There are 4 protein chains.
Amino acid sequence: MAAGGARSGAGRKRDPEAHRAVLAAAEELLNEIGYHRVTMDRIAERSGVAKMTLYRWWPNKAAVITDAVRESLAPVAVPGTGDAVGDARAHLAALLGTLTRYGDASVVAGAMSSRGEAGRADLRDILAPWLDGLVAILGRAPLPPEFPVVLTAQSWIGYVVYRVVFLQEVITPDDLRILVDLPVQGLREPAF
Amino acid sequence: MAAGGARSGAGRKRDPEAHRAVLAAAEELLNEIGYHRVTMDRIAERSGVAKMTLYRWWPNKAAVITDAVRESLAPVAVPGTGDAVGDARAHLAALLGTLTRYGDASVVAGAMSSRGEAGRADLRDILAPWLDGLVAILGRAPLPPEFPVVLTAQSWIGYVVYRVVFLQEVITPDDLRILVDLPVQGLREPAF
Amino acid sequence: MAAGGARSGAGRKRDPEAHRAVLAAAEELLNEIGYHRVTMDRIAERSGVAKMTLYRWWPNKAAVITDAVRESLAPVAVPGTGDAVGDARAHLAALLGTLTRYGDASVVAGAMSSRGEAGRADLRDILAPWLDGLVAILGRAPLPPEFPVVLTAQSWIGYVVYRVVFLQEVITPDDLRILVDLPVQGLREPAF
Amino acid sequence: MAAGGARSGAGRKRDPEAHRAVLAAAEELLNEIGYHRVTMDRIAERSGVAKMTLYRWWPNKAAVITDAVRESLAPVAVPGTGDAVGDARAHLAALLGTLTRYGDASVVAGAMSSRGEAGRADLRDILAPWLDGLVAILGRAPLPPEFPVVLTAQSWIGYVVYRVVFLQEVITPDDLRILVDLPVQGLREPAF
DNA sequence: GGATAATCGAGACGGTACGTCCGGTCTTCCG
DNA sequence: CGGAAGACCGGACGTACCGTCTCGATTATCC
C-alpha cells in the first residue's frame with residue numbers, strides 16, 4: 001500500500017504451545033493405536049491444532065512422528081562406574097528399553113527412512129548418542145590403542161537393533177553379557 | 001441331491017504364468033519407483049493380471065512385495081573354502097550386496113513389519129539362511145565348544161543391517177575384516 | 001498376461017442405484033441446508049456412496065447439484081386449453097413455482113454458471129422447455145405472422161427470472177396477467 | 001461498504017488510499033481470474049493492504065467484490081432526447097454493456113445472493129438506477145395513465161438479464177428494437 | 001458333449017487418509 | 001495507536017490407494 005505501514009519483522013509469533021501439543025498428541029497416539037493408525041486428522045483433533053498448522057511446520061506425517069519420537073526419548077545418560085564392561089551392558093540395556101518403548105519400532109524406522117536422506121539423518125540423530133556413549137565407555141577401558149572402538153560399538157548396537165527392531169526377538173541380560181564379553185574377553189582372559 | 005452332479009476337482013486351473021508375472025512386475029516396480037509408490041493397481045497393470053487375482057493369491061500389498069523380494073534374491077550360497085574367517089567375510093559381503101539391492105531396504109523391512117507377526121516371520125525367513133550360513137561356517141572353525149556361535153553370527157549380521165539398512169552407510173571390506181577378527185582374535189592370538 | 005482371459009466388455013456394471021441415491025441425497029440436502037452448506041462429503045454420507053464414486057461420475061459439486069436439480073424438476077407440461085393468454089399465464093405461474101422451489105435459486109444458478117460453458121448449457125437445458133412451451137402456446141394464438149413470438153416468450157421468462165431469481169421479489173397473479181396482456185393487448189383491443 | 005469513517009480526534013486517520021487500493025485490486029482480479037479464484041489473500045497482496053484491514057471495513061469477500069463492482073460501474077446516465085422509444089433502446093444497450101463487462105456476471109450475482117438479504121439489497125441497489133431510468137423515460141412518453149410502466153421496464157430489464165447474464169447469449173440491436181416496440185406498438189399503430 | 005466349477009480380466013465400489021486451499025480471527029511489532 | 005505481517009482454526013476440497021465386489025468370458029474336469 002502507499003501510506004504508512006509496518007516493515008517486516010511483524011506478524012504473529014509461532015505458538016510454542018501448539019508445537020508442543022502436536023508432538024504430545026502424536027506421541028500419545030503412537031502409543032495408543034500404533035503408527036499406521038495415527039492420522040494427521042487425529043493428531044490435529046487431539047492436539048486442538050488445525051491440520052493446516054501441522055502442514056505449516058512439518059512436511060508430512062512421518063516428519064511429525066519422527067519429531068515426536070525424538071522429543072519423547074529420554075536424554076541418553078552414559079553410565080560411568082569405571083567398570084567398562086558393566087557400563088556397556090547397562091548402556092545397551094537402556095538402549096534396548098528405548099527401542100521397545102514403541103511396539104512397532106521397525107515400522108516407525110521404516111517411516112522415517114521413507115522420507116529419504118532427511119529421514120535417515122533423523123534416524124542417525126536419534127541413535128548417535130547411544131553410539132557416542134558406548135565409544136566413551138570403551139575409551140575409558142584399558143584397551144590397546146589399535147582396538148576398533150567404534151566398530152565394536154556399532155556391532156553391539158547392530159546386534160540389538162537387528163534382533164529387537166527387525167525381528168522383534170527378546171534379548172536377555174545373558175545375551176548382553178556374552179555380547180559385551182565377546183570382543184573383550186580375548187584381552188582380559190587371554191586364552192581358555 | 002447329494003449323489004448327482006459333478007463334484008470338486010473340476011474348474012479352471014490356476015495360471016502359473018500370472019503368478020510369475022505378478023512377482024516380476026512387483027520387483028520391477030520396487031526397483032523403479034520405490035516401495036511406497038508401488039500400488040496394487042500398478043502391479044496389476046504392469047503384469048496384465050487383474051487386481052482381483054492379486055488378492056486371490058496374496059492377502060495384501062506387503063505380502064506381494066515380500067514374495068517378490070524373496071523370489072528375486074539369489075539363493076544363499078555358503079562359501080566353504082575351509083578358511084572360516086575368509087568364508088565369514090565373503091558371506092557377509094554377499095549379504096551386504098543383497099541388502100543394498102533395493103534402495104530403501106528399511107522401508108521394505110518396515111512394510112513387512114507392519115503386517116505384524118506374519119510379516120516378521122517373512123523377514124526372519126529371508127534373513128535366516130544368512131544366519132544359518134554364518135553359524136555353519138563358525139561350526140567348521142576350531143572354536144572352543146562354549147563359544148557363542150549363534151550370538152556372534154547375530155552380531156555380525158546386526159552390524160551389517162544396522163549400518164547398511166538403517167543408516168544407509170557404506171561398509172568397506174576393511175570394516176568386515178575387522179568385524180570378523182574381533183571376537184576371534186582373542187582366540188587366535190591370545191594375548192598382547 | 002499370457003494364457004487365457006476375458007476380452008473387453010467385461011467389468012462390473014455401473015450401479016444405477018448409486019447414481020439415483022446421489023441425486024436424491026443432493027436434492028434433499030439442497031432443500032434442507034442450502035447450496036453453500038451442501039458438501040460432497042455430506043452427499044456421500046447421506047447417499048451411502050463413496051466420495052470417490054461421486055468424483056468418478058461428476059467433476060465437482062456444482063455438476064452434482066445441477067444434475068440433482070434437473071432430475072428433481074417435474075417435466076414441463078404445456079397447457080393447451082386453446083386460450084392462449086390463459087395458457088401463457090398458467091405456464092408462467094408454473095415456471096414461477098419451479099424457480100422458487102429452491103430457496104436460493106440464484107446461488108444455484110451462479111454455481112452452474114461457475115462451471116463455464118458446460119454449466120450454462122445445463123442452465124439452458126433446464127430453461128429451454130419453458131421457452132419452447134411458451135412459443136408453442138403463442139404459435140396457437142391468432143397472431144400476425146411477423147409477430148416476434150420467441151422474443152416475447154423470452155421477455156416473459158426474463159421478467160420472471162429477473163424478479164424472482166435475481167431480486168427474490170414476489171410476483172402476483174396480477175403481475176402475470178398484466179405481463180401477458182402487454183404485448184398482446186395492442187392486437188386484441190387495438191386502441192384506447 | 002461505502003464511507004465508513006475515522007472517529008473523533010485521537011489516533012491515526014484512516015487511510016483513504018487503502019480503501020481505493022482494495023477496490024481497485026478486487027476489480028482487477030475479478031477481471032483477470034474470475035470471481036471464484038479471487039481470494040481475500042490475493043486482494044490483500046495485490047493492494048498492499050493487510051487482510052485484517054479488509055475485514056475491518058468489509059464483512060466478507062462478497063461484500064468487497066460487490067463494492068468493487070459498484071465502484072467500477074459508470075454512473076447510470078439516463079438519456080433524454082425526448083424520443084421515448086429511442087431513449088429506452090439506448091438505455092438498455094448501455095445496461096447490456098454494463099452486464100457484459102465482467103465475464104461471469106451470473107457467478108458474481110450468485111455470490112451476492114449467497115449473502116442473503118443483504119446481498120440481494122446490493123443487487124437491487126446496482127440495478128435500481130437502471131429501472132428508475134427506464135421508468136423515467138416511459139414517464140415522459142405519451143402513455144395512457146393506466147399503462148403498467150414499472151412492469152414494462154422490469155420485463156425489458158428481465159429480458160436483458162435473462163439472456164445476457166443467465167444464458168450468456170448475444171443480444172443484437174434489432175432484438176432491443178423489437179423488444180421496446182412490443183408493448184408500445186399497440187399504442188402507436190393501433191392495429192394491423 | 002453337456003453340466004459343473006473354478007479362474008481370469010475388467011473395472012466399479014466403499015472406505016479412509018492424504019495434502020491443499022480459503023474464509024475469517026487473532027496476535028505481534030513497527031512507525 | 002493504527003496498520004502490515006502473518007500464524008491460527010475450521011472445514012471443504014479433490015486425489016490416491018486399499019481391499020471387496022460384481023460382471024462376463026474362459027477353461028478345465030466329470031458325468
Side-chain angles (χ1 to χ4, degrees), chain A residues 1 3-15 18 36-42 44-45 48-57 59-61, chain B residues 4-15 18 36-42 44-45 48-61, chain C residues 1 3-15 18 36-42 44-45 48-57 59-61, chain D residues 6 10-15 18 36-42 44-45 48-56 59-62:
Chain A
M1 205 192 100
R7 301 288 163 282
S8 83
R12 181 176 181 172
K13 285 298 178 348
R14 173 172 178 179
D15 185 350
H36 78 285
R37 261 186 289 186
V38 176
T39 294
M40 287 303 245
D41 281 285
R42 272 198 254 258
E45 187 192 7
V49 164
K51 192 157 61 140
M52 203 35 217
T53 303
L54 293 189
Y55 282 102
R56 197 195 310 281
W57 301 113
N60 48 48
K61 168 180 159 181
Chain B
R7 70 193 118 284
S8 81
R12 181 177 181 172
K13 283 300 189 312
R14 172 173 176 182
D15 187 347
H36 77 285
R37 264 186 291 189
V38 176
T39 69
M40 290 302 246
D41 282 284
R42 274 197 252 260
E45 186 193 7
V49 165
K51 194 157 62 140
M52 189 62 216
T53 304
L54 293 188
Y55 282 100
R56 198 192 313 278
W57 302 114
W58 290 273
N60 49 47
K61 167 181 160 180
Chain C
M1 206 193 94
R7 300 289 163 286
S8 80
R12 181 176 181 172
K13 286 299 176 347
R14 174 172 177 179
D15 186 350
H36 79 284
R37 262 185 289 186
V38 177
T39 294
M40 289 302 245
D41 282 286
R42 274 197 253 258
E45 187 192 6
V49 164
K51 190 156 61 140
M52 201 40 213
T53 303
L54 293 190
Y55 282 103
R56 197 195 312 281
W57 300 114
N60 48 48
K61 168 180 159 182
Chain D
R12 184 173 175 172
K13 286 300 190 309
R14 172 176 163 186
D15 189 344
H36 77 285
R37 263 186 292 189
V38 177
T39 68
M40 290 302 248
D41 283 286
R42 275 197 253 259
E45 186 193 8
V49 165
K51 195 156 63 138
M52 185 68 210
T53 305
L54 292 188
Y55 282 102
R56 201 191 316 278
N60 49 46
K61 167 181 161 181

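This structure is a prediction, so every number in the text was calculated from the model and none was measured. We name chains A, B, ... by the order of the sequence lines, and we start the count at 1 in each one.
- When all heavy atoms of B:Ala44 and B:Ala50 are compared, the pair lying nearest together is CB-C, 4.3 Å.
- With sequence neighbours left out, the side chain to side chain donor-acceptor pair (under 3.5 Å) criterion links B:Arg56 to no other residue.
- Qualifying side chain to side chain donor-acceptor pair (under 3.5 Å) partners for B:Arg42, counting only residues two or more places apart in sequence or in other chains: none.
- Distances shorter than 4.0 Å separate some side-chain N or O of B:Thr53 from OP1 or OP2 on E:dG9.
- A distance of 11.0 Å separates CE of A:Met52 from CE of A:Met40, quoted to the nearest 0.5 Å.
- Comparing B:Pro59 and C:Arg37 against DNA chain F, the residue whose closest nucleotide sits nearer the 5' end is C:Arg37.
- Counting non-hydrogen atoms under 4.0 angstrom, B:Trp58 reaches nothing in the nucleic acid.
- Remark: P of E:dG9 and CG of B:Asp41 are 14 Å apart, rounded to the nearest angstrom.
- In this structure, the CG atom of D:Asn60 is 17 Å from the P atom of E:dC22, given to the nearest Å.
- Evaluation of the side-chain contact (heavy atoms from CB on, under 4.5 Å) rule for D:Ala62 yields D:Tyr35, D:Asn60, D:Arg115 as partners, not counting sequence neighbours.
- At a cut-off of 3.5 angstrom, counting only N and O atoms as typed in the model, there is no donor on one side facing an acceptor on the other between the side-chain of B:Lys51 and the base of E:dG9.
- Here the C1' atom of nucleotide F:dC9 and the CZ atom of A:Arg56 are 10 Å apart, to the nearest Å.
- Protein atom CG of D:Leu54 is 12 Å distant from nucleotide atom P of E:dT25, rounded to whole Å.
- Nearer to the 5' terminus of DNA chain F, by closest-nucleotide assignment, is the contact made by B:Thr39 (compared with the other of B:Lys13 and B:Thr39).
- In this structure, the salt bridge (Lys or Arg N to Asp or Glu O under 4.0 Å) partners of D:Lys51, at least two apart in sequence or on a different chain, are D:Asp41.
- Shown here are the side-chain contact (heavy atoms from CB on, under 4.5 Å) partners of B:Arg14, two or more places apart in sequence or in another chain: B:His19, B:Trp57.
- At a threshold of 4.0 angstrom between heavy atoms, the contacts of B:Arg42 are confined to the sugar-phosphate backbone, with no base atom among them.
- Between D:Val49 and D:Ala18 the shortest heavy-atom distance is CG2-CB, 3.8 Å.
- For D:His36 and F:dC13, the NE2 to P distance is 13 Å, given to the nearest whole Å.
- Spacing between atom CD of B:Glu45 and atom C1' of E:dC8 amounts to 17 Å, rounded to whole angstrom units.
- Dashed line: the shortest gap from a side-chain N or O of B:Trp57 to OP1 or OP2 of E:dT7 is not under 4.0 Å.
- Within 4.0 Å (heavy atoms only), C:Met52 reaches at least one base atom of the nucleic acid.
- The interatomic distance linking C:Asp15 (CG) with E:dG11 (P) rounds to 17 Å, in whole Å.
- Contact between the side-chain N/O atoms of A:Tyr55 and the OP1/OP2 oxygens of E:dG19 is found at a separation under 4.0 Å.
- E:dA10 atom C1' lies 16 Å from atom CE of B:Met40, rounded to whole Å.
- For B:Arg12 and E:dA5, the shortest distance from a side-chain N or O to OP1 or OP2 is not below 4.0 Å.
- If one axis is set at each end of the helix from E:dG1-F:dC31 to E:dG31-F:dC1 from five pairs, those axes are 10° apart, to 10°.
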